[in-house]
Participant: 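Sharing a structure with you now.
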Number of protein chains: 2
Amino acid sequence: MNDSVSDLGKILKQQRINTPLTLQELAAESGVSSSHLGRIERGERFPSARILRKIAKPLGFSEDELFTLAGFLSPQTSGVAEEGVSRYNSRQLDPYVARMLAEEPPEIQRAVIGILSLLKSIARGISK
Amino acid sequence: MNDSVSDLGKILKQQRINTPLTLQELAAESGVSSSHLGRIERGERFPSARILRKIAKPLGFSEDELFTLAGFLSPQTSGVAEEGVSRYNSRQLDPYVARMLAEEPPEIQRAVIGILSLLKSIARGISK
DNA sequence: ATTATAATTTGCCATATGGCAAAAGTCAAT
DNA sequence: ATTGACTTTTGCCATATGGCAAATTATAAT
């Protein structure tokens with residue numbers, strides 16, 4: 001299991017909480033049992049494509065997006081030659097992150113960056 | 001099992017024969033056992049997303065294409081959902097913000113979103 | 001036909017998925 | 001504290017997936 005996979009549960013939960021929905025409500029809307037959804041969120045089960053597809057709309061994801069997050073689709077273009085390309089491209093913006101941030105108005109988006117650099121400079125100060 | 005599902009096997013076999021490849025060769029190239037591939041072709045098993053992804057390239061399919069054939073993706077989704085997405089497409093990601101965030105590793109990017117939603121939920125609590 | 005070789009199918013099994021119902025937490029209002 | 005209404009987690013089980021090795025079935029080549 002790689003990072004993105006173990007993160008999937010967190011992402012799904014965060015999105016559900018944000019929406020906001022309870023597990024039971026999501027279960028009702030998606031047709032997936034709440035117990036299974038719970039296990040998926042805490043990483044005890046990995047959702048199949050069928051399940052992913054069912055929960056996409058209620059959570060406001062596009063199918064592609066969820067599939068990419070789940071590692072079922074490779075990001076963006078099809079046809080990456082090597083599967084052992086182990087290292088994640090760190091110069092890319094996580095699609096989930098992009099989508100979440102895009103929902104915020106521009107001033108909030110920039111404030112987020114401001115806070116981030118503030119935190120980074122604080123961290124730099126501490127580590128010195 | 002419905003029609004389209006039982007068709008998938010025929011399609012895959014057709015494509016393999018056309019390529020041309022034997023089951024064993026496809027197995028070698030895809031990393032999926034030939035016995036499993038055989039069962040998939042004759043409809044005794046249904047391929048998971050992981051398996052589909054593995055065999056896509058050797059067979060000359062794009063991932064999207066195979067996923068759509070398998071019924072995992074609804075036909076013609078390219079990131080933009082056709083339905084009630086009013087809440088989401090209204091906004092765009094500031095290019096500057098995108099550039100700054102893209103320089104951070106994925107876990108930081110997601111942490112930023114986590115902090116943002118935390119702040120938002122706190123704010124919601126206050127305003128109530 | 002007979003053997004050799006490659007290709008496909010089958011038997012068996014280990015593991016993963018996912019649902020249902022019961023148990024365990026949460027939380028507000030007495 | 002206790003009740004009652006939700007929400008989440010757990011126990012258990014039925015089913016599906018997928019690999020390995022043996023068995024079967026083509027396909028040639030003497």
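Note that the coordinates shown come from a computational prediction; the quantities given were computed from them, not determined experimentally. Note on naming: letters A, B, ... go to the chains in the order of the sequence lines (proteins, then strands), and numbering restarts at 1 for each one.
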Participant: Could you give the NZ-to-P distance, from K13(A) to dT8(D), as a whole number of Å?
Facilitator: 8 Å
Participant: Heavy atoms from C-beta onward define the side chain here; which of dG19(C), dT9(C), dT8(D) lies closest to that of L23(A)?
Facilitator: dT8(D)
Participant: Check every strand shown and say whether I40(B) touches a base, only sugar-phosphate, or nothing at a heavy-atom separation below 4.0 Å.
Facilitator: nothing
Participant: Whole angstroms only, please: what is the CG-P distance between L37(B) and dC20(D)?
Facilitator: 12 Å
Participant: Closest nucleotide of DNA chain C for H36(B) versus for E25(B): which of these residues is on the 5' side?
Facilitator: E25(B)
Participant: Of the options dT8(C), dG18(C), dT9(D), whose atoms approach the side-chain atoms of Q24(B) most closely?
Facilitator: dT8(C)
Participant: What is the distance, rounded to the nearest whole Å, between atom CZ of F46(B) and atom P of dG18(D)?
Facilitator: 10 Å
Participant: Between dG18(D), dT10(D), dT8(C), spot the one nearest the side chain of R50(B), thanks.
Facilitator: dG18(D)
Participant: Is any side-chain nitrogen or oxygen of R42(A) closer than 4.0 Å to OP1 or OP2 of dT10(D)?
Facilitator: yes
Participant: Heavy atoms from C-beta onward define the side chain here; which of dT8(C), dC20(D), dT8(D) lies closest to that of T22(B)?
Facilitator: dT8(C)
Participant: Determine the contact category for E44(A): base if any of its heavy atoms lies under 4.0 Å from a base atom, sugar-phosphate if only primed atoms, P, OP1 or OP2 are that close, otherwise nothing.
Facilitator: sugar-phosphate
Participant: How close do P58(A) and L21(A) get, counting heavy atoms only, and between which atoms?
Facilitator: O-CD1, 4.0 Å
Participant: With a 3.5 Å distance limit and no angle check, can you tell me whether E41(B) reaches the backbone of G38(B) through a side-chain donor-acceptor pair?
Facilitator: no
Participant: Specify the separation, in whole Å, of atom CG of L26(A) and atom P of dG19(C).
Facilitator: 12 Å
Participant: From dT10(C), dT17(C), dT8(D), pick the nucleotide closest to the side chain of R39(B)?
Facilitator: dT10(C)
Participant: Partners of R53(B) by side chain to side chain donor-acceptor pair (under 3.5 Å), sequence neighbours excluded?
Facilitator: E63(B)
Participant: Which nucleotide, dA21(D), dG18(D), dG18(C), lies nearest any side-chain atom of I51(B)?
Facilitator: dG18(D)
Participant: Classify the angle between the aromatic ring planes of F67(B) and F72(A) as parallel (below 30°), tilted (30 to 60°) or perpendicular (above 60°).
Facilitator: tilted
Participant: Just the rounded figure in Å: distance from C1' of dT17(C) to CZ of R45(B).
Facilitator: 14 Å
Participant: Which value, rounded to the nearest 0.5 Å, describes the distance between I40(A) atom CD1 and L52(A) atom CG?
Facilitator: 8.0 Å
Participant: Among the candidates dT17(D), dT8(C), dT17(C), find the nucleotide nearest to the side-chain atoms of R16(B).
Facilitator: dT8(C)
Participant: How close or far is atom C1' of dT17(C) from atom CD of E41(A), stated in whole angstroms?
Facilitator: 17 Å
